[in-house]
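First the structure, in the form of structure tokens, and then the observations on it.
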Amino acid sequence: WGRTALDAKHGEVVCICAVLCSDNGARQSWFRMDRRDDLPEAELLRSWWVWAGNASHRSRSTWVGHYASTFDLPFLFRRSWILGVRTPAPPSGWNDITDTRDLWQVTKANRDHVKLRDLATAFGLADKLEDDRYPHAWEAAVAGDWAWVMDRCRSDVEITHAAWCRMTGRGS
């Protein structure tokens, strides 16, 4: 499980959380959905791409995530392609991704790959939801603890948003 959960050829998307913000950092709308009640993965991904497409048209906002440009968005694209779910234009159409992990590096020469938990601690933000039972969210999903999975996902988005606001001088 540990090796394949994060590989798009073998893993699955179990939940997606995202927030749309205005240019000043104010939250405009949330997307929160998981595979509770046997929702097919393809349906989760279809709903995500519809929301993301509508969000992109409503605002010229930058997409922000932590490790999102390297892992999250590529994983969502790859799983969608595998499942035959229509996506927007691949990454070339997503050039406005700000990754807080990359932003923390300041320059491309710096290789300080900060973990979200450490970023939250450095900025004095809410603690990243951790649980000794589930070092990784996929372990909670396997155990069927969907409430924990969604809390973790929401927590990650909240911390990423607050860190981005702090690093870019936007409101929160």
Side-chain angles (χ1 to χ4, degrees), residues 1-20 29-56 62-105 108 111-120 127-161 163-164:
W1 275 93
R3 286 189 200 189
T4 61
L6 302 179
D7 177 346
K9 294 181 301 295
H10 306 286
E12 295 181 10
V13 177
V14 297
C15 73
I16 303 173
C17 292
V19 64
L20 174 68
S29 71
W30 268 97
F31 179 89
R32 288 178 278 211
M33 195 172 202
D34 66 31
R35 294 193 42 213
R36 187 181 336 215
D37 301 324
D38 296 322
L39 176 71
E41 180 184 12
E43 287 305 311
L44 170 63
L45 288 164
R46 275 187 200 93
S47 295
W48 156 250
W49 291 121
V50 166
W51 183 87
N54 289 338
S56 294
T62 297
W63 289 91
V64 178
H66 189 83
Y67 205 45
S69 61
T70 307
F71 175 74
D72 296 298
L73 283 173
F75 193 90
L76 293 173
F77 272 101
R78 291 171 185 147
R79 288 304 300 162
S80 295
W81 295 334
I82 287 168
L83 295 169
V85 173
R86 186 180 168 112
T87 66
S92 63
W94 288 69
N95 290 329
D96 292 332
I97 300 170
T98 298
D99 197 310
T100 53
R101 183 175 177 243
D102 296 339
L103 196 56
W104 181 256
Q105 291 179 174
K108 294 203 184 284
R111 302 316 260 170
D112 186 6
H113 298 297
V114 67
K115 293 182 178 188
L116 187 57
R117 174 183 57 240
D118 297 335
L119 198 58
D127 291 335
K128 181 169 167 54
L129 184 62
E130 300 288 349
D131 189 321
D132 290 337
R133 296 171 300 158
Y134 312 123
H136 306 284
W138 64 264
E139 292 168 319
V142 169
D145 194 346
W146 292 107
W148 190 90
V149 171
M150 285 305 290
D151 285 347
R152 169 71 179 264
C153 192
R154 183 196 46 75
S155 169
D156 286 0
V157 169
E158 289 284 353
I159 290 169
T160 300
H161 174 256
W164 172 75

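All figures in this text were calculated on a predicted structure; none of them were measured in a lab.
The two atoms that bring Leu83 and Ala42 nearest to each other are CD1-N, 4.0 Å, heavy atoms only. Shown here for Ala8 and Ile82, the closest heavy-atom pair between the two residues is O-CD1, 3.2 Å. When all heavy atoms are compared, the tightest approach of Phe75 to Gly11 is CZ-C, 4.1 Å. Counting all heavy atoms, side chain and backbone alike, Ser47 lies closest to Phe31 at O-CE1, 3.6 Å. Of all heavy-atom pairs spanning Ser69 and Pro74, the tightest one is O-CG, 3.4 Å. Taking each heavy atom of Asp99 and Thr70 in turn, the nearest pair found is OD2-N, 4.2 Å.
Judged by distance alone, with hydrogens and angles left aside, the side-chain atoms of His66 form a donor-acceptor pair with the main-chain N or O of Val114 at under 3.5 Å. Checking side-chain atoms of Ser80 against main-chain N and O of Leu76 turns up a donor-acceptor pair under 3.5 Å.
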- Decide yes or no on side chain to side chain contact (heavy atoms under 4.5 Å, CB included) for Val157 and Arg32, but give the supporting numbers first. CA-CA 10 Å; Val157 169; Arg32 288 178 278 211; over 6 Å; no

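Here the straight-line distance linking atom CG of Leu119 with atom CD1 of Ile159 works out to 9.0 Å at 0.5 Å rounding. One distance of note links CD1 of Ile16 with CH2 of Trp49; it measures 8.0 Å at 0.5 Å rounding. Atom CG of Asp145 sits about 12.5 Å away from atom CZ of Arg152, to the nearest 0.5 Å. Separation of atoms CG (Asp151) and SG (Cys15) is listed at 10.5 Å; rounding is to 0.5 Å. Distance check, rounded to the nearest 0.5 Å: OG1 of Thr87 to CZ of Arg78 gives 12.5 Å. Separation of atoms CE (Met33) and CD (Glu43) is listed at 8.0 Å; rounding is to 0.5 Å.
Qualifying salt bridge (charged side-chain N to carboxylate O under 4.0 Å, His left out) partners for Glu158, counting only residues two or more places apart in sequence or in other chains: Arg27. Looking at residues two or more places apart in sequence or on another chain, you find no salt bridge (charged side-chain N to carboxylate O under 4.0 Å, His left out) involving Arg101.
Classification of the Phe77-Trp81 ring pair by plane angle, with boundaries at 30° and 60°, yields tilted. Ring geometry for Trp148 versus Tyr134: interplanar angle of 30 to 60°, hence tilted.
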